Structure formats: C-alpha cells, structure tokens
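A quick write-up on the structure given underneath.
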Protein chains: 2
Amino acid sequence: MANIFDVAKKAGVSIKTVSRVLNNAPNVRQATQDKVRASMMALDYQPSNAARELRSGRSKSIGILLGDPSSGFQARLHHAALQACSDAGFFLTVGLFDESADDWAGQLDDFLSRSRVENMILVPPLCDSEVLHAHMRDRGISFGLISPSRPVPDAYSIGMDEQQAAFDITMHLIRMGHRQIGHITGPTGHVATGLRLAGYQAALAESGIQPNPDWVRPGKFHFRDAQICAERMLANREERPTAIFAANDEMAAAVCFTANSLGLDVPRDLSVVGFDDVAIATTIWPPLTTVAQPFNAMADAAIRLLVNRPSETRSPPDSSILQLEYQLKIRSSAAPPIHQ
Amino acid sequence: MANIFDVAKKAGVSIKTVSRVLNNAPNVRQATQDKVRASMMALDYQPSNAARELRSGRSKSIGILLGDPSSGFQARLHHAALQACSDAGFFLTVGLFDESADDWAGQLDDFLSRSRVENMILVPPLCDSEVLHAHMRDRGISFGLISPSRPVPDAYSIGMDEQQAAFDITMHLIRMGHRQIGHITGPTGHVATGLRLAGYQAALAESGIQPNPDWVRPGKFHFRDAQICAERMLANREERPTAIFAANDEMAAAVCFTANSLGLDVPRDLSVVGFDDVAIATTIWPPLTTVAQPFNAMADAAIRLLVNRPSETRSPPDSSILQLEYQLKIRSSAAPPIHQ
DNA sequence: TTGAAAGCGCTACCAG
DNA sequence: CTGGTAGCGCTTTCAA
C-alpha cells in the first residue's frame, strides 16, 4: 500500500505538503493541492491511522459504552452512532458495560486505558452518572451525552423535548376523536417516565378531558409489565379506554398483544401508540404509530460537537441540552374511535 | 501515560525485554518476566496500540460487515462478536453494509482500505458471496464465516447443525403429544430454510406422522408474512394444528400474536416454538421455547481461529464447517396439547 | 538470555 | 507558501 513518500514523489512535492493536504491545513496553493490529491487518487493512497494516531496523539476512534443488548433503544442508538462515525470518517469503539455491576468507574477506567479514546459518547442510563463524568474529566476525556436528564458542565448534551412529543402524540389521539385515553408509564425514577407522563397529562388538561387515575399504570418499559397493565385497563368492558399511549414501543407492542387476546382489534377497537420508534415498532403488525426519536441526528450532533471542538466551536460546551427535532410517525396502530 | 522506556527503567532491563514479555516471546527468564510484569503493574502501563500496529503491521482490530440493523439475528451476532473480541483483547471494527446495493465488492474494498483490518468475520447473507471471498483472498485478508451454506477454501467456517436442531425441536413437540404440527418456513433460496424444513419433516416421518401440506407455509422470516400464514393455518377450527414450529423467532412471535387474536391461548390452545433465540424470544409473553444458536461460541471460535492462525493452528483452514452445540431453550410457549 | 539501534508512516516544529 | 528533520512508542533484526 502506498505511503506518504510515494504520494509526495509522484506529485513532486515534499511529504510535508502532502500532510498539509491530508489535514486540510491552510497555506497550500490550490494547484498544489490538486496535484497532491490527484496523486493520492492514482496511487489509491490511504493514510495509516496507526501512524497518525501515534504521531499526533489523537485517535480516530470515539468510544461508547453499551449495556443491555436486548434494549431496542440502545440497539438503535448504537446503530446511529456507528452510522455517524462512519460518515465522519471515525471509528466507533464499543465498550461492553455491565450496568448491574457495582464498579462503574472501574469499568470506565479499564475501557479508557485499553482503548485510548479521548472522546466518549454516553447514553442512558450511564449518561447521568456523576462518577463517570468526574472520571472522564480527570482523564481529560471530552464527552457527549445523549438524552441526559439534565445538562452537565463541560459536556455536550443532546436530546429532544420528550414532554412536548408526548403531548403531541396524545393530541394526535385526541384530534382523532379519542377522549378515553390510557397511559402506561416507564419505571419511576427514570426521567423520561415523568416527562412523557407530563406531556400526556397536559394534553388531556388542555382538551378538557378529566383524567381517569385507573388508566395510568406503571409498565417499567417492559413488555410483560405493560401486558398486565393493559389487561387491567381493558378488563372492564363498560368503561375502558379507546386508546392507549404506552411510554415506549415495547410496551405498545404488549398492549397490541393483550388487546388481541381480549378479542379487540387494533386499531378498530383500540388505538395504540408508542414512543421511540425502535425495531419492534415496524416488526409487528399493525406497525405502530409512535414518536421517532432523532437517533441519527443525535449521534451526528454528538460526534460533530466532539470532533470539531477545538476549531469550529472553540468555546467549551455551554450548559444546556441541544434539543433536536423528533417526528410523529403515523402508522396504522391508531385510528379514530368507533362511535355508536 | 507510562511507556515502554519507563517500564524498562523501573525493572532495570532493556525495552527489548519488556517487549518480549509483552509479546509472550520465549527466552525470557521467569525472574525477569516477573520483574517486568511488576513494573508494568506499578506504572499502570498500557502498550500503545497505534505504535504496535504501526511497527508490526498487525492490527488489533477484527472487521465485520453488518447490514440490516433491525434483524434480531444480526444484532445478536454483532453483540457476540463484540463480546468475543473484547475477551480476546481485540477491537471490533464494524462496517455498515448495504446489502441491497449492487456494489458489494466496492463496499468491501472501501471498508478494507479505510479500516486496514486483516481479519474479517462474515455473517449471512454476505458470508456466501464468492465475489467477497475472492476480494479478500486477493488482499491477503484472513476470514471466518459464520453460518455459511457451505465451507469455503482458505476460510474458517463455523456453524451448527440446523437440520438436527429443527428435528430436535419438532421432536420436543411430538414427545409432548402433538401430532398436528405446522411449520412456517423462511424465504426460498435461504439455506437455513431448507435445513429447518428438512429437520421438521424428518421428525414427522420418524414418528409416523402424515404431513399435511396445508400446514407448511412460507413466512420469509418476517413477522407480517408469518402472521398471514398463521391466519390461514388456524382458520379452520375443525382441522388445525395444535402446535406450530416457526423457522425463526420473529415469525414465532407473529404466530403467538395471531393465535391471540383468534381467541387462542398460547400455550394452552396452541403451542409455538421458534428458532434462533434472539431478543424477541424473551421480550414477548409467553417467552418462546426455541433453539438457541451458539452465537457467543461461534464468534469466539471465529476469532480464536483467526487470531491463533499462525502459531496454534498452523495449518490453513480445512474445508469443513466447525459445528458448534446448539441448545433447546424450553420456555413457556409450548405445552402438551389438551385432549378431550 | 539480553541489549543496541533502526525504522514503521506520519505530524509538527522551525527554517526559508 | 513550502521543505527538512526530529521523533511518537513500539517491534525487529543483528550482535553479544
């Protein structure tokens, strides 16, 4: 494989000039640049990451810590990070993380030493750990947080307006004509749980709908728990919701499942909406109407901020969360209620 | 961060000796080794991958090409590869691959140039592409194939006995007392489809059960298609299967879904079994009885073979598939039929 | 069994 | 705007 000397020789310049072109340094005449680039092209030149990293001390990898692989949310974020890295010419170095183990800091340290990355992306629930933040600061690691509960000093925080999204999707149901709307929440203690619930409540309030406390139940983000919630909510044939908003897609799938087993057709007899837009939303049938989190945009933003930090954004991260645009995905799990 | 000179100085040896210890080279006295290791420990020394790679030309990364992120199968394999790499002290470099694009060879070349890996793992469907094999051979890349349809010269092939597994899980149903067993197949053209079907048929034959052609239907490995198959199979209340073996877990989930909507309880009125043991198998309720593919063992084996190649297994790969042990996961989606 | 020294491919300092 | 040259941290020949 060709190296920088080959390119320089072919272009009739010094290796330093080739290096400048490679790094988009200023002060290279356009004509020289073109010559160099042509030469690189002709030789199918690819710079050696190892050499660049060794010499510059800067790594072309961005680290991410991932836990539960069966979580659709993490899987989706993982894929988005992969995509974003690839687009930015970086590599993603994944550290498998045991969230249930005690030693979070130790696990982080091991990963940092082994991988030598200097940029990290943290996703929930790790992104809210102050111990982890402190360790990264100590080691001079820059980090981006995706969907943290609150911004963190010296870190880039990226998220979306979850409450507004929950409001919107509930309003979608209301505008279709639903007034009996249930909600299955996430686990207590999880920020998203509160935000999504608040959005749901605000939508009801704004529409003058009296909330029914029996129709708000805790599903812990799990299929099984949500199934039980749905059974309870739908048990009373006289008085049951015509629509259910589940705080994530796995739970929405569970609601569909339960409805079916009670002889209810989705969406004819019951509308169901979810949140996140992960794999299961389009695996099952009917596909779920849900809130699509801007996973790709979030990962892109995180990487761009991390990577452009010294030049473009020369300021240290401000202490706020960069809110990205979510999207309502209208699919077929929700429809107007049947009025008799 | 400490470097090899620091370690050498502290241990009172030359850097060459430290290097020998690092690489488990022979010809280092035990006492010297201990001294060096102690010194490494004390300084919290981590060798620089960049420097090692630059000098030796050998990379600590193993490449993998991944396509459809919503495929539970690929997601599971991805995670297994991550785990195996981490255990072996390697890094996994993922290339996002567009299986639906034409230019497979071009995509591979790009990845290879950019990443500079010299070891690759290929998973279905890429692992069966002869174009890809040829390109890797040309570039001197060693590669391991997971679940290829047939072994490939100069490559390590790893898989499991799919037909036997399909036989086993069908027999599991039969031993519970089922005699009316349906099967939903994968897409035609996919090796696993034929193997799993053959295992199913062999089990029926061995048990003297007359196969019912209406009860074998094509689900293409997709939830939606399988749902339609299940509706057809279960439509006839007089004459319908008491158990269905779906050729993957997503389709088994679809069968559960359909059964529910027809007022059938799983497993009381219908037993359902799947294949693969991916995330959805334990997300839904009841959890699926299924065949657990040895994902972790397959990834481990692939990496071990790739990495130990020069020394341990000095022979080039023999042209056979290393068959690993699968496991029947007995969960609650299958039970004995109710006899009246 | 150990050590001295060369050099992998690149970036960065300092000249010109 | 461009070039010479030192050196990142390690592995590897070659000697001892």
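The sequence lines fix the lettering, A, B, ..., with proteins before strands; numbering per chain opens at 1. These numbers come from a predicted model, not from an experiment.
OP1 or OP2 of dG3(C) has at least one side-chain nitrogen or oxygen of Thr17(B) nearer than 4.0 Å. For Ser48(A) and dC10(C), the shortest distance from a side-chain N or O to OP1 or OP2 is not below 4.0 Å. Phosphate proximity of dT2(D) to Arg20(A): absent, as no side-chain N or O sits under 4.0 Å from OP1 or OP2. The phosphate of dC10(C) has neither OP1 nor OP2 within less than 4.0 Å of any side-chain N or O from Ser19(A). Taking 4.0 angstrom as the limit, Ser56(A) places none of its side-chain polar atoms (N or O) nearer than this to OP1 or OP2 of dC10(C). Taking 4.0 angstrom as the limit, Arg52(B) places a side-chain polar atom (N or O) nearer than this to OP1 or OP2 of dT11(D).
Heavy atoms of Arg58(B) sit under 4.0 angstrom from primed sugar atoms or phosphate atoms, though from no base atom. Among the heavy atoms of the strands lying under 4.0 Å from Val13(B) are primed sugar atoms or P, OP1, OP2 only; no base atom is included.
Ring planes of His133(A) and Phe143(A): parallel class, angle under 30° (limits at 30 and 60°).
With sequence neighbours left out, His79(B) forms a ring pair (Phe, Tyr, Trp, His ring centres under 6.0 Å) with no residue at all.
As a whole-Å value, the separation of Gln46(B) CD from dC8(D) P is 20 Å. Distance Met40(B) CE to dC10(D) P: 11 Å, rounded to the nearest Å. Nucleotide dA12(C) holds its C1' atom 6 Å from the CZ atom of Arg55(A), rounded to whole Å. In this structure, CZ of Arg116(B) is placed 11 Å from C1' of dC10(C), rounded to the nearest angstrom. Look at CG on Asn23(A): it is 7 Å from P on dA12(C), rounded to the nearest Å. Ile15(B) places its CD1 atom 9 Å from the P atom of dT11(D), with the value rounded to the nearest Å. If you take NZ of Lys60(A) and P of dC8(D), they are 22 Å apart, rounded to a whole angstrom. Atom CG in Asn49(B) sits about 18 Å away from atom P in dC10(C), given to the nearest Å.
For NZ of Lys10(A), the number of neighbouring non-hydrogen atoms (other residues, nucleotides, ligands) closer than 6.0 Å is 12 at most. More than 12 heavy-atom neighbours from other residues, nucleotides or ligands sit within 6.0 angstrom of CG on Asp103(B).
Residues Leu22(B) and Met40(B) meet the side-chain proximity criterion, which asks for heavy atoms closer than 4.5 Å.
Nearest-nucleotide positions on DNA chain C place Ala51(B) closer to the 5' end than the other of Val18(A) and Ala51(B).
DNA chain D lies under 4.0 Å from no heavy atom of any residue of residues 3-12 of chain A.
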Determine all donor-acceptor pairs shorter than 3.5 Å in which one atom belongs to a side chain in residues 104-115 of chain B; sequence neighbours excluded.
{"residue": "Trp104(B)", "atom": "NE1", "partner": "Glu99(B)", "partner atom": "O", "Å": "3.1"}
{"residue": "Trp104(B)", "atom": "NE1", "partner": "Ala101(B)", "partner atom": "O", "Å": "3.1"}
{"residue": "Gln107(B)", "atom": "OE1", "partner": "Asp98(B)", "partner atom": "N", "Å": "2.9"}
{"residue": "Gln107(B)", "atom": "NE2", "partner": "Asp98(B)", "partner atom": "O", "Å": "3.0"}
{"residue": "Asp109(B)", "atom": "OD1", "partner": "His135(B)", "partner atom": "ND1", "Å": "3.3"}
{"residue": "Asp109(B)", "atom": "OD1", "partner": "Arg139(B)", "partner atom": "NH1", "Å": "3.2"}
{"residue": "Asp109(B)", "atom": "OD2", "partner": "His135(B)", "partner atom": "ND1", "Å": "3.2"}
{"residue": "Ser113(B)", "atom": "OG", "partner": "Asp109(B)", "partner atom": "O", "Å": "2.9"}
{"residue": "Ser113(B)", "atom": "OG", "partner": "Arg139(B)", "partner atom": "NH2", "Å": "3.4"}
{"residue": "Ser115(B)", "atom": "OG", "partner": "Phe111(B)", "partner atom": "O", "Å": "2.7"}
{"residue": "Ser115(B)", "atom": "OG", "partner": "Val117(B)", "partner atom": "N", "Å": "3.3"}

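Closest approach to the Ser14(B) side chain among dT11(C), dA4(C), dT2(D) is made by dA4(C) (side chain taken as heavy atoms from C-beta onward).
Annotation: cation-pi geometry not satisfied between Lys60(B) and Phe91(B) (NZ/CZ under 6.0 angstrom from ring centroid, within 45° of ring axis).
Between the side chain of Lys16(B) and the base of dA4(C), no donor-acceptor pair under 3.5 Å is found.
Checking side-chain atoms of Thr17(A) against main-chain N and O of Val13(A) turns up no donor-acceptor pair under 3.5 Å.
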